[in-house]
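Presented below is the structure to which this report refers.
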Amino acid sequence: MSELNKEISDYTKNLNKASKDENINRAVTRAVKSFRTNVASTLARFPHTVALAAEVREIKASAVKNNKELLEKAMASIERNHGSAYFAKDGDEAIKIVDQIIGKDKVVIKGKSMLGEEIQLRHRLEELGNEVWETDLGEFILQLKNDRPMHILSPAVHVPREQIAEIFSNFFQKEVPPDIPAEVAAVREFLRDKYFKADVGISGSNVVAADTGQIVIIENEGNVRLVTGTPPVHIVIVGIEKVVPSFQDAMKVAEVNWRYAQYDAPSYVNVISGPSKTGDIEKVITYGAHGPKEFHVIFLDNGRSEMINNLDYNQALFCLRCGGCMYECPVFQVTAGHYGRTYLSGIGSIWTAFVDGGPDVAAPMLYTCLRCGRCVEQCPMKIDVPKMVGELRSKVVED
Ligand code: SF4
């Protein structure tokens with residue numbers, strides 16, 4: 001059996017198995033129902049969001065076109081703000097930069113980041129001898145379960161509360177009931193100590209403003225506040241496609257992002273411009289007051305430049321990672337994210353083809369997509385996934 005045939009056969013078995021898994025079925029059914037209801041009601045309460053989304057599409061299209069120049073501007077702004085900016089051409093380079101910043105045997109706390117999954121950040125930092133903790137509740141569950149995210153926004157969407165209770169009871173060595181508030185409280189208690197012991201906090205970013213060098217991170221749990229504000233060193237790893245021209249643009253992107261991710265207003269919108277500082281003593285600016293003394297931003301390419309330069313596919317870079325398309329996808333609804341790759345569903349097949357192994361690796365996902373177009377209707381960026389899937393299929397066949 002050729003490598004590709006074997007991969008397709010394993011992939012099909014995996015999807016079939018997932019489609020018969022009662023835990024997945026129960027958890028995804030609950031999630032789809034509540035996500036759809038929540039998005040519909042938030043868009044009804046804030047109807048201007050639809051027009052704002054169209055404006056954001058234009059912002060993203062222009063930003064992707066001018067990415068090189070915006071990236072240079074963003075990096076210069078970060079340096080001006082007393083941060084350090086880096087460019088990494090691939091995952092290995094990004095890990096090397098992180099390794100050089102943090103050194104060995106450190107306690108590292110992480111916020112949720114799909115890009116972190118893309119480059120296997122936690123595993124690779126652990127291999128380098130660090131103690132690494134996921135602080136997003138969903139990612140923490142997956143860390144204990146030794147599993148991978150099954151949704152870009154809600155990574156543990158496939159794990160129902162009953163199974164989480166079992167995992168937590170085992171890990172915490174005490175009875176944790178299948179009661180969501182009790183499960184949340186158990187993790188809060190455990191991670192509290194890690195926040196204050198950590199040497200380094202690592203986060204992603206939803207969007208970066210080139211003019212001010214500010215990074216914007218949307219969250220609800222409050223873990224990102226602690227990850228980015230408590231340890232002495234904060235490292236951001238972000239894809240080059242996340243840069244937009246101005247802070248105003250960045251806030252528009254953020255607002256559309258959280259609305260389509262089902263929130264009227266998220267609990268927190270973190271805007272970070274540089275290391276913590278004070279001028280309270282004799283007006284002398286001193287870095288490292290209560291927050292991090294060091295602020296590092298690593299921009300990762302890892303195939304994104306190729307996507308930018310390919311006009312047939314560069315609309316995939318407009319993706320805000322709101323996750324809405326997945327809840328509309330008929331395949332996702334029965335299998336969750338059991339595609340075996342970091343990026344999931346139709347849009348994920350395009351990303352996989354560019355940043356996670358190439359078109360052959362993406363082939364099984366490309367042929368799983370039904371090209372029904374329900375994702376395009378839901379997508380705030382109106383990304384034409386079925387069209388790109390069709391084109392990539394032809395490319396896979398030709399090659
Ligand atoms: S493709 Fe569209 S709907 Fe899907 S995650 Fe990206 S922005 Fe959201």
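Order of listing sets the numbers, starting from 1, for every ligand and every atom in it.
Only one option out of Lys277, Lys293, His82 pairs with Tyr287 in a side chain to side chain donor-acceptor pair (under 3.5 Å); it is His82.
Remark: Lys106 NZ is packed, more than 12 non-hydrogen atoms of other residues, nucleotides or ligands lying under 6.0 Å away. By the neighbour-count criterion of 12 heavy atoms within 6.0 Å, atom CZ of Arg188 is sparsely surrounded, having that number or fewer from other residues, nucleotides or ligands. Dense packing is recorded around NZ of Lys382, with more than 12 heavy atoms of other residues, nucleotides or ligands lying under 6.0 Å away.
Contact atoms of ligand 1 toward Ile347: 1 (S) (distance under 4.0 Å to a heavy atom of the residue). Each of the following atoms of ligand 1 lies closer than 4.0 Å to a heavy atom of Gly323: 5 (S), 8 (Fe). Listed by number with element, the atoms of ligand 1 under 4.0 angstrom from any heavy atom of Leu320 are 6 (Fe), 7 (S).
Every residue two or more places apart in sequence or in another chain that forms a side chain to side chain donor-acceptor pair (under 3.5 Å) with Asp249 is listed here: Ser246.
Heavy atoms of Arg321 come nearer than 4.0 angstrom to ligand 1 in at least one pair.
Taking 2.8 Å as the threshold, Cys322 does not count as a candidate ligand of atom 2 (Fe) of ligand 1, since none of its N, O or S atoms lies below it. Here Cys325 reaches atom 4 (Fe) of ligand 1: one of its N/O/S atoms is less than 2.8 Å from the metal.
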